[in-house]
Colleague: 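Here's a structure for you.
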Number of protein chains: 2
Amino acid sequence: MTKQRALLLSIFRSELCKGQHRTADELLALARERMPGISRATVYNNLRSMEEEGLIRRITADGGADFYDSSFVLHGHLICTVCRRISDVEVPTLLDDLKKLSGVDVDSYELKLRYVCDECKAENRAV
Amino acid sequence: MTKQRALLLSIFRSELCKGQHRTADELLALARERMPGISRATVYNNLRSMEEEGLIRRITADGGADFYDSSFVLHGHLICTVCRRISDVEVPTLLDDLKKLSGVDVDSYELKLRYVCDECKAENRAV
DNA sequence: TGTTTTTTTGGACTCAATCTAAATTTATTA
DNA sequence: TAATAAATTTAGATTGAGTCCAAAAAAACA
């Protein structure tokens, strides 16, 4: 356990990441506020190992940077196709449902739901 | 409608892509077999416009190149976490189920199911 | 404490994808 | 059909996220 890794873990546990979806770049910036010299490679190294250990989840979006998510509960993501904002959606029975429906012993899933959020609908923004 | 675009469409409609998931690079190589001078940028241009028109779907995998899929039926993807191979899985009621479960008017979904395929299980390969 | 192992670091590098601006092709209209 | 306008193709440059590398530093171990 290094100082750098401890810092990243504390950032994930803090309000800065509660219910948020951060990119590696954002996390690097947050880390540098408290440890200015921390290297980009270190952030990537730790994000990878933390993902492998199951501490965080990586969300590969459609182009652009990946997001990281500290929630432990398996859940899907609602993505507004207009403003690109992401929010969580929990579907408690989904993993079991998917195992039954697919007939495969699924380990985990990644689910993105595309929709137009209420704000964008209200403002009638184009897709 | 240009020759290049017609070629790409015919490749997608052919056996070369039936039930397959091709990367832009693979599609470029297939296109160059019949039109050696075709440019990489043209392939990307057309893939993008065809995706916007809903003719094909783009699958952003976890790192590495995106895949393209010519199937019109909304479906999920089974991804083996060992050998990385992708196959399709159809869950006919899923869109409706997700609308109900999430309480949101979902337009479409992207679903990736992680598992270990039979072959990799049989050969006991590590994750 | 001394030794071994792991991690960090910064910069180089990779790779997919996009951008650019000129040339070409296709579509339009007269 | 010719003239013009609009869209597409092209090669190469560029971007940007992420990885790799080898040396330095830090952590773990005995």
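So that the names make sense, note that chain A is the first sequence line, chain B the second, and so on, each numbered from 1.
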Colleague: When you check the phosphate oxygens OP1 and OP2 of dA26(D), does a side-chain N or O of Gln4(A) lie under 4.0 Å from one of them?
Modeller: no
Colleague: Are Glu51(A) and Arg57(A) within salt-bridge range, i.e. N to O under 4.0 Å?
Modeller: no
Colleague: Rounded to whole Å, please give me the gap between CG in Leu28(A) and C1' in dG18(D).
Modeller: 13 Å
Colleague: Judged by atom type as modelled, is there a donor-acceptor pair below 3.5 Å linking the side chain of Ser102(A) to the main-chain atoms of Leu98(A)?
Modeller: yes
Colleague: Could you tell me how far apart Glu52(A) (CD) and dT19(D) (P) are, to the nearest whole angstrom?
Modeller: 10 Å
Colleague: Verify side-chain contact (heavy atoms from CB on, under 4.5 Å) between Asp66(B) and Thr23(B), making sure each step is shown before the conclusion.
Modeller: CA-CA 6 Å; Asp66(B) 292 350; Thr23(B) 62; over 6 Å; no
Colleague: Measuring from atom CG of Leu27(B) to atom OH of Tyr44(B), what distance do you get when rounded to the nearest 0.5 angstrom?
Modeller: 10.0 Å
Colleague: Provide, to the nearest angstrom, the distance between the CD atom belonging to Glu51(A) and the P atom belonging to dG18(D).
Modeller: 11 Å
Colleague: With a 4.5 Å cut-off on side-chain heavy atoms, are Phe12(B) and Ile56(B) touching?
Modeller: yes
Colleague: Sub-3.5 Å donor-acceptor pair from the side chain of Lys112(B) to the main-chain atoms of Thr60(B), do we have one?
Modeller: yes
Colleague: Which is the 5'-most and which the 3'-most nucleotide of DNA chain C that has an atom under 4.0 Å from a heavy atom of chain B?
Modeller: dA16(C) to dA27(C)
Colleague: When you look at CG of Asp118(B), are more than 12 heavy atoms from neighbouring residues, nucleotides or ligands closer to it than 6.0 Å?
Modeller: no
Colleague: What residues form a side-chain hydrogen bond (donor to acceptor under 3.5 Å, both in side chains) with Arg48(B), not counting sequence neighbours?
Modeller: none
Colleague: Enter the inter-axis angle for the ends of the helix from dT1(C)-dA30(D) to dA30(C)-dT1(D) (five pairs per end, rounded to 10°).
Modeller: 40°
Colleague: Assuming nearest nucleotide by heavy-atom distance, tell me which of Thr2(B) and Arg58(B) is located more 5' along DNA chain C.
Modeller: Arg58(B)
Colleague: Can you pull out the residues from residues 31-49 of chain A that lie within a 4.0 Å heavy-atom distance of DNA chain C?
Modeller: Gly37(A), Ile38(A), Ser39(A), Ala41(A), Thr42(A), Asn45(A), Asn46(A)
Colleague: Please enumerate all residues that pass side chain to side chain contact (heavy atoms under 4.5 Å, CB included) together with Arg5(A), with sequence neighbours excluded.
Modeller: Met1(A), Thr2(A), Leu9(A), Asn46(A), Ser49(A), Met50(A), Glu53(A), Leu55(A)
Colleague: With His77(B), which residues qualify under ring-ring contact (aromatic ring centres under 6.0 Å, His included), at least two apart?
Modeller: His21(B), His75(B)
Colleague: Under 4.0 Å between a side-chain nitrogen and a carboxylate oxygen: does that hold for Asp69(B) and Arg22(B)?
Modeller: no
